[in-house]
There are 2 protein chains.
Amino acid sequence: MGAVTNSLPAGLHTVRRHNAGLVLDAIATRPGISRAGIAARTGLAKATVSGSIDRLVAANLIVDTGPQTRSGRGRRGTGLTLSPSGPHGLGVEIGVDYLATCLVDLAGTTRAHRIRACNNRTRSMRQVMAHVARAVRAALDEAEAMGAPVGGIGIAVPGLVESSGMLRTAPNLGWRDVDVRAELATRVDLADRPIIVGNEANFAATAELLSAESGDLRDFVHITGEIGVGAGIIINGALLAGVHGFSGEIGHVCVDPDGLLCGCGARGCLETMAGQDAIMSNAGVPANGRPPAHLIDTLTERLAHGDPAALDAARTAGRALGIALAALINIIDVPVVVLGGSYGALEPWIGPPILDELATHVISAPWEPPQVLRSQLGAEAAVRGAAAAAVQDILADPENAMASARSAT
Amino acid sequence: MGAVTNSLPAGLHTVRRHNAGLVLDAIATRPGISRAGIAARTGLAKATVSGSIDRLVAANLIVDTGPQTRSGRGRRGTGLTLSPSGPHGLGVEIGVDYLATCLVDLAGTTRAHRIRACNNRTRSMRQVMAHVARAVRAALDEAEAMGAPVGGIGIAVPGLVESSGMLRTAPNLGWRDVDVRAELATRVDLADRPIIVGNEANFAATAELLSAESGDLRDFVHITGEIGVGAGIIINGALLAGVHGFSGEIGHVCVDPDGLLCGCGARGCLETMAGQDAIMSNAGVPANGRPPAHLIDTLTERLAHGDPAALDAARTAGRALGIALAALINIIDVPVVVLGGSYGALEPWIGPPILDELATHVISAPWEPPQVLRSQLGAEAAVRGAAAAAVQDILADPENAMASARSAT
DNA sequence: ATTTGTTCGTTCGGGCTCTGAACGTAATGT
DNA sequence: ACATTACGTTCAGAGCCCGAACGAACAAAT
C-alpha cells in the first residue's frame, strides 16, 4: 500500500535537514546570493536562513564573501558561496584500458585530474585493485597538499553495480561479484569517508546533470558510447537507478531479432551495431591495439572526408541507436537525449539518423518532439560524475556532514 | 543542481503531514492494528501516534473497532481500521467500447461496480462526455444512497495523458487535446472534489499495486493487452510517470525493424505482433463485431484444444512481448512482469516464450532472474485503479483531507 | 481471591524548530 | 543632512515530537 515514499518517522531534525539542503541548494545554484535572496527563493523566513547559514559556515561548507557589489538603493547583502576549502569529492574510474582519478570541489569545479593508461583486461582483479589503491593514496596525498579535504569518494565501474555497492559483473574486466568498496578499504586507510560505487554510464549522466553548461536540464538520457553502450537516465534531477541499480543497460536492448550474435549470447543487441568495435569494423578502421581516442579521431576524419564506408557505419549506428532510444522514450518518457562519450564527437553524423528514427517510432513525438544534444564533457564525464556524486551526497544532507565536522573538532 | 527533491520549505506542519501519512499507511497495511503496534512499526512515540489517531478519527478516516481479541499477557490494544464510511474514490473508465464506473472505499474494497457497453469509437467527444457525465451523476447518487461520501474521482483514458490531466491523444477514440477534467466539471456538479485523469494502463498498474492479492509487490511492470498494449511501471510503490506523464507506451516499441506497418506509421511496433487484433487475426479468430471478452474466450478454447494457428499466434505474441519487455527491464531494471488485461488469460501460452526471451536478452538475468506473474484482476483493473488512485491521494496526505473536513463542518 | 508481571493508552514537562515583527545597520538619492 | 530602501539579527511565541511516568486492563501464578 505504498502511500508514503519515505517510511522513516519525521521529527524536527528532519525539517532542519531538509531546509539546510534547500539553503545550500540555493547557494549552489546562484553563487554569491545573499541571505535575503535565499529567503526569497526558498520561502523560508529570514531568521531561519540566518541560523542555517551560521551552521553551514561553521561546517566550512559555505563562506561569506563580503558585501555584494550591486547597484541600487538599500543596504547591500553579503555574498555567500560554496566554500573552496570545504569537503571535496574524489572520483575514481576503473576503465577497461585506463585508470582515472579526479578531485572536485563543492562548486563542482575540477581541482585535479589524472589519467593513467593501463590494460586492466589482462590483469587480475587483485592487481588492478592494488593499482587503484595506489592511485587513491596518491590522490589523497595530493589533495592534502592542496589543502583540499576529501569528504567522499565515488568509484565508477564498467559493469552492473547493485545499489548496495556490490559489483555483480564487469564483462570487459572479467570481474564478477566484487565488493569494490571493501577491496579498496582493506588497501587504503579511508578514515570512514563514505564511498559510492556506481556504473560509469550513470556517473557520466550525473556529471552532465551537474555541469554548468547543461544549465537547467533536469530530465534527459545521457548515452555513453565506449566499448560498451550505456545510458544514465535523469528524471527530475535524480538518477533513475531501478530496483537493484542495474538501470540503463541499453547496450543489450534488442534492435534486430535477426541481427548479429552479441558477446552476451543474444542476437541483435544495440552494441552489435552501435558499439565502438562494431562502428570501427563497419567503417573499416583497423583496431590494432591503438587507444580508443585515436580510433575516434581516425573515424571522424574519414567521416569529414566523406568516406562511404565510414558514413554507412555511422548511419547504421545512428539508426540502431534511434530505435533503442525510441524504445526508451516510449517506455519512460524522457525525450531529451544527450550524446556522451565518443558519441559526442560523432553527433554530426549519428544525430540526424537518430532523430529520424525517434520521429517515426516515438508515439508522443508530435506533442513533445525529442531532442538530441551533444555533451560538452569528454571522456572524463564518468570520473567527474563519480567525484561530483560524492560531493552531492554531502550537499544533499549538509546537517550530516556538519555533525561529523563537529565530532572531529 | 537538483540536490533537493522537494523544493518547498519544510515546517512543523510538514512533519505532521508526513507522520499522519505514516500512521495511516500502517493502518492500511495491517487493519486492526493497535496504537502501540503503530508506534512500534513506524518508530514514532506512542504519544505522537495517539494524537495523530485522534485527528484521523475526527476526520472519519479511521475508526476504533474496540478491544482486540488477542491471546497472551497484558492489556489488549484497541483495534484501528480504515473507516468504512470514510471518503470513497469514484473510478471512471472511458474505454473504446465500454464505459465503466466503480466505487472503492478507503480499504480498497469495491463497493459498487457498473459497466455499460457502448461504441465510443463512432460517437463524438461531446456525446461520449455527456454519457460519462450521466454515469458519474448516477454513481454519485448511488454513493450517496449508500452513505458513501465520494472524496475524489479518477478517470482512466486510453491515451497519452499529461501530468496536468490534459489528454493529448487517444487514437482509438479519435480524441485530441481534450481537457477531460474541465469537460466533466462543466457537465456535473463535482463540488470541488479532486479529479485525477490518467492513462488506463497506468491505473491498471496502480490497481495491481494496491490489490491485496499481490501482497508486498512494490516493484513491477504491469502490462495490459487490450486494443492497444500499455505498461504501467511501479518502482518502490510509486508509479513512474515520466517527464510529461507519457510513460509506459510499450505498444510502440520497435520489435522488428522490418516488421509490419503499424497504425502509428512506424514499422514493427509491438502492437503489430502482440496487440489483440494482431493475435486474433494471426490465430484466425474472426473479429466480426463480437465483444473482446468473447474473442479471448474463443482463443483460449482453441489454445486449450491445441489449435496450431492459435498456438503459433500466441508464441509470436509472447516472443514479441519478451523482446519489448527485455528492453524495458534492461533500461529500468524492474524484473517482475505482471500480465494484465487479456494477457492474464493467455499467460499459460505466452508466459513461457516471454520468459525465454527475457532469459536471453536481459543482461542482469543471471543475477536477478526475471519473473512473469499473472494478474488476478480482470478487465476491471483500470477502473479500480482509477478509483483507488483517488483514494490513495487522500490516504497519502490525510492532513489535507482533514482540513477540508474541518472547514465543511 | 489476591498478587504479580506485562502491555496498552494517556498525560505532562522539556526541548527543538520555524515564524513574524521589531530593531539596528548600511547604502543611496535628494 | 535626511528620508528611503534593503539587509541581517534578535527575541518572544507557537507548534510539534519525545521520553518518562502514570493509570488501566488483562493473564498467569500464588
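Lettering of chains follows the sequences in order, A, B, ..., and the numbering in each one begins at 1.
Among all heavy-atom pairs drawn from B:P9 and B:T14, the shortest one is O-OG1, 4.3 Å. Shown here for A:A387 and A:V104, the closest heavy-atom pair between the two residues is CB-CG2, 3.6 Å.
Across the protein-nucleic acid pair, A:K46 atom NZ and C:dG24 atom P stand 15 Å apart, rounded to whole Å. For the pair A:I38 CD1 and D:dT9 P, the interatomic distance rounds to 11 Å; values are reported in whole Å. Atom CD in B:Q68 sits roughly 21 Å away from atom P in D:dA24 (whole-Å rounding). A straight line from CZ of A:R35 to C1' of C:dT25 spans 14 Å, rounded to a whole angstrom.
Considering only heavy atoms from C-beta on, A:L56 stays 4.5 Å or farther from A:L80 through its side chain. Between B:L140 and B:R193 there is a side-chain heavy-atom pair separated by less than 4.5 Å.
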Enumerate all atom pairs, one protein N or O and one N or O from nucleotides 13-17 of chain D, separated by less than 3.5 Å.
| residue | atom | partner | partner atom | Å |
| --- | --- | --- | --- | --- |
| D:dC16 | O5' | B:R16 | NE | 3.4 |

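Counted within 6.0 Å of CZ on B:R30, heavy atoms from surrounding residues, nucleotides or ligands total 12 or fewer; the atom is thus considered open. Sparse packing is recorded around CG of A:D192, with 12 or fewer heavy atoms of other residues, nucleotides or ligands lying under 6.0 Å away.
The CG atom of A:L61 lies 7.5 Å from the CD1 atom of A:I394; values are rounded to the nearest 0.5 Å. Rounding to the nearest 0.5 angstrom, the gap separating the CG atom in A:L240 from the CG atom in B:D333 is 9.0 Å. Distance check, rounded to the nearest 0.5 Å: OG1 of B:T81 to CD1 of B:I62 gives 8.5 Å. Note: A:N19 CG to A:L44 CG = 4.5 Å, rounded to the nearest 0.5 Å.
In this structure, the helix from C:dA1-D:dT30 to C:dT30-D:dA1 shows an angle of 10° between the axis at its start and the axis at its end, each fitted on 5 base pairs and rounded to 10°.
Here B:T78 does not reach the OP1 or OP2 of C:dC8: none of its side-chain N or O atoms lies under 4.0 Å away.
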Study note, to complete from the structure: Heavy-atom contacts, protein to nucleotides 25-30 of chain D, under 4.0 Å, summarised as B (base), S (sugar-phosphate only) or - (none) per nt, yield BBSS--
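The nearest heavy atom of DNA chain C to A:G43 and to B:S50 marks one nucleotide each, and the one closer to the 5' end goes with B:S50.
Across all strands, A:A47 comes closer than 4.0 Å to base atoms (heavy-atom distances).
Screening A:T48, A:I27, A:L24, A:D64 against A:I53 for a side-chain contact (heavy atoms from CB on, under 4.5 Å) leaves a single residue, A:I27.
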